[in-house]
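Along the sequence shown, residues are numbered consecutively beginning with 1.
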Amino acid sequence: MFPSPSNQGFSKNTSHNLVLPFYVYAAISFLIATLFLFFSSSAFLQHYFHPETLAITHIMALGWGTMMIFGASHQLVPVLIERKIFSEPLGYVSFILAGVGIPLLVYAFYYFQFGWQAKWGAILINAAILIYLVNITVSMLKSPKENVHAVFVFTGTLWLFITTLIGLFLVYNFTHTILSFDSLHYLPLHAHLGIAGWFLLLVMGVGSRLIPMFLISKYDNVKMLWWIYGLINVALIIFIIAFLYSSNSLLYILPVGMVFSAIILFGRFCIKCYKDRLRKKVDEPLKISLLSIFMMVIPILFLLIIILWVLFSAENPSLILTYGFCIFFGWITAIIFGMTFKTLPFILWNKTYHIKAGKGKTPNPKDLFSTAVFKCMAGVYIAGFVLFITGILFQSGMILKFASFLLILTAFLYNTNVFKMIFHKPQKA
């Protein structure tokens with residue numbers, strides 16, 4: 001989703017020493033999540049509030065999705081605001097706190113023990129996100145230029161902090177009665193503020209700036225972007241009010257419809273950028289990034305089906321599990337695949353060859369990873385993703401096991417390419 005900015009943009013950017021640990025942590029987290037998926041695939045035949053399912057979900061949401069976005073955003077936010085990040089030391093602190101907090105929280109969910117591991121895990125994650133929020137907020141306040149894309153990033157991070165703060169309350173609510181209902185009751189609120197408020201808002205804000213840049217497209221429509229921003233945020237506010245003050249599931253159709261409209265508008269924005277591009281050849285990472293835009297629609301369709309199902313029948317755990325799987329192993333994972341191979345090669349090329357550029361032959365950023373491995377990874381991933389959904393819907397343990405094996409292979413191929421780039425040796429002149 002996030003293409004690589006120009007050399008000029010990266011002149012304002014953050015040291016690779018801060019960015020790379022986030023990428024490595026995310027890559028390893030993805031591999032661990034797929035291993036958990038393989039050994040806990042039977043959990044996807046049960047209720048969605050299952051310890052092993054909760055553990056996998058939080059590895060994907062925090063270790064995979066959020067850590068990757070944190071790493072990439074330390075490079076991309078300076079491009080948006082046209083100045084360096086406020087404090088690199090704060091970035092290191094944020095990484096350490098999240099890096100320790102995430103495994104503690106995952107451990108607590110996996111064994112369903114809400115002692116000190118769960119509480120300290122949640123506290124450390126909230127502290128990491130608060131520090132990250134402060135860092136980008138001060139950076140934006142010091143920026144000479146304000147734009148809609150930076151507003152998307154700031155608001156998305158604010159929703160992330162609200163999401164994890166609610167999560168902290170839910171963790172404590174398991175052992176102390178601090179909320180009106182049990183933690184399961186508030187799970188939809190916690191989940192959807194993170195999905196729509198953090199992931200969706202941030203992806204659209206950054207993607208709408210960098211996709212045109214990478215495609216070399218002159219298309220721009222700030223008014224449409226403000227409409228997208230408004231639709232998502234108003235939808236979230238309506239959802240919160242409906243969740244807290246009404247038990248009528250039919251009310252959720254309005255915010256879901258607004259988010260769906262925002263996705264359609266964003267898709268239209270990207271299509272116009274694509275049609276108006278000067279660079280006619282589109283490489284493989286960008287193709288899978290563009291595919292992820294259309295994958296946004298799949299969870300929305302499942303959500304509408306779930307709402308209608310609840311109205312006319314009992315709750316269907318299989319549909320809810322499929323909905324969550326489509327978000328974390330579908331849309332978000334496809335985005336990260338594109339993000340990684342459009343940003344990491346350039347970061348590492350800039351580190352190794354920027355000084356040598358023009359003084360001799362140097363490889364292109366895309367030459368730092370294997371296109372053949374990437375294509376293989378993409379093919380195995382799509383097969384594993386589709387089969388796993390099939391396994392959930394048809395309640396087939398055999399299909400789930402085979403599909404999860406394909407996703408392990410996907411993660412292995414992804415890590416192979418990532419570490420190939422990280423351990424790349426400079427070519428001698």
Side-chain angles (χ1 to χ4, degrees), residues 1-2 4-5 9-30 61-105 121-144 149-165 194 198-199 201-203 205-206 209-210 336 339-340 342-352 354 418 421-422:
M1 173 64 70
F2 304 116
S4 55
F10 265 88
S11 66
K12 302 179 180 68
N13 244 321
T14 314
S15 167
H16 64 274
N17 292 321
L18 170 58
V19 176
L20 292 182
F22 285 97
Y23 277 85
V24 171
Y25 193 102
I28 295 173
S29 294
F30 181 47
L62 296 170
W64 173 231
T66 298
M67 289 296 267
M68 177 62 73
I69 291 173
F70 275 11
S73 63
H74 278 96
Q75 285 284 343
L76 299 173
V77 166
V79 176
L80 297 179
I81 64 176
E82 299 184 4
R83 65 163 289 119
K84 285 183 175 291
I85 203 80
F86 168 64
S87 170
E88 288 193 13
L90 284 181
Y92 288 108
V93 174
S94 182
F95 172 78
I96 293 169
L97 292 175
V100 174
I102 291 168
L104 286 175
L105 189 63
I123 289 169
L124 291 173
I125 290 166
N126 274 273
I129 292 167
L130 181 59
I131 289 170
Y132 173 80
L133 177 61
V134 169
N135 205 6
I136 66 162
T137 300
V138 176
S139 301
M140 291 176 184
L141 290 175
K142 291 178 174 290
S143 171
H149 311 285
V151 175
F152 268 84
V153 174
F154 168 76
T155 312
T157 308
L158 191 59
W159 280 117
L160 172 64
F161 181 64
I162 294 170
T163 301
T164 55
L165 191 60
W198 166 233
F199 287 114
L201 206 59
L202 185 134
V203 163
V206 178
R209 171 68 179 90
L210 298 178
I336 294 176
M339 178 198 303
T340 302
K342 295 305 299 180
T343 58
L344 187 57
F346 194 91
I347 292 167
L348 293 169
W349 182 92
N350 206 47
K351 160 183 167 282
T352 307
H354 181 69
V418 166
M421 289 186 282
I422 289 174

### Message
For Phe152 and Val203: C-alpha separation, side-chain torsions, deciding distance, then whether side chain to side chain contact (heavy atoms under 4.5 Å, CB included) applies.
### Response
CA-CA 9 Å; Phe152 268 84; Val203 163; over 6 Å; no
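- Annotation: the span from Thr157 atom OG1 to Ile136 atom CD1 amounts to 3.5 Å, rounded to 0.5 Å.
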#### Entry: Worked check of side chain to side chain contact (heavy atoms under 4.5 Å, CB included) between Leu80 and Met140
CA-CA 9 Å; Leu80 297 179; Met140 291 176 184; over 6 Å; no
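- Pro78 and Ile85 get closest at one heavy-atom pair: CG-N, 4.0 Å.
- Every residue meeting the side-chain contact (heavy atoms from CB on, under 4.5 Å) condition with Thr164, not counting sequence neighbours, appears here in chain and number order: Ile125, Asn126, Ile129, Leu160, Phe161.
- His149 and Gly205 make their closest contact through ND1-O, 3.0 Å (heavy atoms, listed as atom of the first residue, atom of the second, distance).
- Counting only heavy atoms from C-beta outward, the side chains of Phe154 and Leu133 approach each other to under 4.5 Å.
- Among residues at least two apart or in separate chains, side chain to side chain donor-acceptor pair (under 3.5 Å) pairs with a member in residues 131-142 are Ser73-Tyr132.
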### Task
Take Leu18 and Tyr92, measure what side chain to side chain contact (heavy atoms under 4.5 Å, CB included) needs, and give me the verdict at the end.
CA-CA 6 Å; Leu18 170 58; Tyr92 288 108; 3.9 Å; yes
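- Summarising the geometry of Gly101 relative to Leu124, their closest heavy-atom pair is CA-CB, 3.9 Å, with the distance given to 0.1 Å.
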### Task
Would you sort out whether Phe30 and Ile336 count as a side chain to side chain contact (heavy atoms under 4.5 Å, CB included), showing the intermediate values?
CA-CA 11 Å; Phe30 181 47; Ile336 294 176; over 6 Å; no
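- The nearest pair of heavy atoms linking Leu104 to Gly121 is CB-CA, 3.8 Å.
- By the side-chain contact (heavy atoms from CB on, under 4.5 Å) test, Ile123 pairs with Trp120, Leu168, Tyr172, sequence neighbours left out.
- Note that CG of Asn17 and NZ of Lys351 are 8.5 Å apart. Values are rounded to the nearest 0.5 Å.
- Annotation: ring pair (Phe, Tyr, Trp, His ring centres under 6.0 Å) contacts of Phe22 (sequence neighbours excluded): His74, Phe95.
- Checked by atom type and distance alone, the side chain of Gln75 never pairs as donor or acceptor with a backbone atom of Ile347 at under 3.5 Å.
- The shortest side-chain heavy-atom distance between Phe199 and Ile69 falls under the 4.5 Å cut-off.
- Contact annotation: the side chain of Glu88 approaches that of Ser15 to within less than 4.5 Å [non-hydrogen atoms, C-beta and beyond].
- Between the Tyr25 side chain and the Met67 main chain, no donor and acceptor come within less than 3.5 Å of each other.
- Listed by chain and residue number, nothing satisfies the side-chain hydrogen bond (donor to acceptor under 3.5 Å, both in side chains) test with Ser94 (two or more places apart in sequence, or in another chain).
- Residue Pro103 comes nearest to Ala98 through the heavy atom pair CD-O, 4.4 Å, listed as atom of the first residue, atom of the second, then distance.
- For residues 63-72, the side chain to side chain donor-acceptor pair (under 3.5 Å) pairs, not counting sequence neighbours, are Trp64-Thr333, Thr66-Trp198.
- Side-chain contact between Leu20 and Leu344 is present, with at least one heavy-atom pair separated by less than 4.5 Å.
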